[in-house]
Amino acid sequence: MEIVDTQDLMRGAQLLPDTGEPGFGVYVHWPFCAAKCPYCDFNSHVRHQPVDQERFAAAFLKEMATMRMISGPKTVTSVFLGGGTPSLMKPETVGAILDGIAKTWHMPDGIEITMEANPSSVEAERFRGYRATGVNRVSMGVQALNDRDLKFLGRLHDVADALKAIKLAREIFPRMSFDLIYARPNQTVEEWERELKEAISYAVDHLSLYQLTIEEGTPFYGLHKAGKLIVPDGDQSALLYEATQEITEREGMPAYEVSNHARPGAESRHNLTYWRYGDYAGIGPGAHGRLTQGPQKLATATERKPESWLEMVERDGHGMIDREMLGFDEQADELLLMGLRLREGVDLARWQQLSGRDPDPQREAFLLEHGFIERIGNSRLRCTPTGMLVLDSVVADLAC
């Protein structure tokens, strides 16, 4: 398999402008990791024998063909290679996947093509190969900027590896983002402020900043339940969150979503598709999708275990184990759940069209009076910074 380096896949540094529309994204899930992080509940798997990448790439293309039959003709507005650790793929594998997407749907020049990566030196050396296939944005799982916490989080890289990878990514890719996890055990606001300012100083245009959550089924969950892992309480977490918002706003990287911060124009187009409740095809083990079918949306989910998914695709043309048609009420709830995460808020006319009603006036009045939500003219509704701290409760109130 050769690296795809065709004219229609080579994307320039200038990405197409954000139109504000939801768009149509393609998500491809590479489920393999070199090691399983103790906080992670994503669909990721460690394999001690080499993965047959050509076989998996062929299966991705086969499942794409099935999704194309469901979606019909579409113009792709973003591609996201997630995981797992997609940067464990050979550039040839990435090239085959992107070539397959371009042949399955219409894929214009200038769309955002993101790959998640871990900043180990071996993977960073592949960056030039990924760029040659058409990847124009990389999102790196840095997670912390001190070696003590990187070790605690189970990461395989150290700070030196991370800084080297950040520098290399900025040289090669038009756009780059990295993740940090905060609200770590014993982390003070002052420590986090210093770390966050250091992160911003690396001149990135996008940061994803997540609070450490204890997810059931992870090693951290067992430690936490046994009292051996203590994370900041609600008040301390709120202080850390507020410090995050203040610093990023001041430094020109405000939150455009609960956990995502960007300089104007550098927002993740693919993630905006999710939050604006657009359509997306989910390809690969454990991937989810939303595909419009007339007045309804089809929610899809595929088999999580990689080898089982592979056998299903080779036999049936897809690995879907769950297909559910979402009616208007369910779509309205999902639109609200996703859209209120955004600083731009929810398109009220779209929500009203789906739900068949206006927001409950008493509930809305209560939330407005207490400063949890605000209207943007007559067309949009959004959470305030205070409301973002209790987002789940706001969504539950408005959805009733």
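Heavy atoms only: backbone and side chains are in, while hydrogens, waters and symmetry mates are out.
With salt bridges taken as basic N to acidic carboxylate O contacts below 4.0 Å, one links Glu374 and Arg382. Ion pair Asp99/Lys103 flagged as a salt bridge, since at least one NZ, NE, NH1 or NH2 atom sits closer than 4.0 Å to an Asp/Glu carboxylate oxygen. Ion pairing of Asp397 with Arg363 is present here, as a side-chain N (NZ or NE/NH1/NH2) and a carboxylate O approach within less than 4.0 Å. Using a 4.0 Å cut-off between charged side-chain N and carboxylate O, Arg148 and Glu191 make no salt bridge. Of the charged side-chain nitrogens involved, at least one lies within less than 4.0 Å of a carboxylate oxygen, so that Glu195 and Arg184 count as a salt-bridged pair. By the 4.0 Å N-to-carboxylate-O rule, Asp18 lies too far from Arg269 to be salt-bridged with it. With respect to Glu307 and Arg47, a salt bridge is recorded, a charged nitrogen being found less than 4.0 Å from a carboxylate O.
With a 4.5 Å cut-off on side-chain heavy atoms, Glu242 and Leu389 count as touching. The closest side-chain heavy-atom distance from Leu340 to Leu391 is below 4.5 Å. Pro385 is not listed as a side-chain neighbour of Met388, based on a closest heavy-atom distance of 4.5 Å or more. Here the side chains of Leu342 and Val258 are not in contact, with every heavy-atom distance at 4.5 Å or above. Two residues are said to be in side-chain contact when any heavy atoms from C-beta on lie closer than 4.5 Å; Arg341 and Cys383 fail this criterion.
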Worked check of salt bridge (Lys or Arg N to Asp or Glu O under 4.0 Å) between Glu267 and Arg276: CA-CA 13 Å; Glu267 299 84 358; Arg276 288 171 175 165; over 6 Å; no
Test salt bridge (Lys or Arg N to Asp or Glu O under 4.0 Å) applied to Glu344 and Arg380, step by step: CA-CA 8 Å; Glu344 68 184 37; Arg380 304 191 77 85; 3.7 Å; yes
Full working for salt bridge (Lys or Arg N to Asp or Glu O under 4.0 Å) between Glu193 and Lys197: CA-CA 6 Å; Glu193 287 177 340; Lys197 289 174 184 176; 5.2 Å; no
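In this structure, a donor-acceptor pair under 3.5 Å is present between the side chains of Thr292 and Asp279. When only modelled atom types and interatomic distance are considered, Thr244 and Trp192 share a side-chain donor-acceptor pair under 3.5 Å. Under the 3.5 Å distance criterion, with hydrogens and angles disregarded, a donor-acceptor pair is assigned to the side chains of Gln352 and Asp358. Inspection of the Tyr256 and His206 side chains reveals an N or O donor paired with an N or O acceptor under 3.5 Å. A donor-acceptor contact under 3.5 angstrom links the side chains of Ser208 and Asn260, judged on distance only.
Under the 30°/60° scheme for interplanar angles, the aromatic rings of Phe32 and Trp30 are found to stand perpendicular. Classified by interplanar angle (parallel below 30°, tilted 30° to 60°, perpendicular above 60°), the ring pair Phe56/Trp309 is parallel.
Note that Lys297 lies outside the cation-pi zone of Phe328, set by a 6.0 Å cut-off to the ring centre and a 45° limit from the axis.
A ring-centre distance under 6.0 Å is found for Tyr274 and Tyr280.
The two atoms that bring Arg170 and Tyr202 nearest to each other are CD-O, 3.6 Å, heavy atoms only.
Qualifying side chain to side chain contact (heavy atoms under 4.5 Å, CB included) partners for Thr218, counting only residues two or more places apart in sequence or in other chains: Asp41, Glu215, Phe220, Tyr221.
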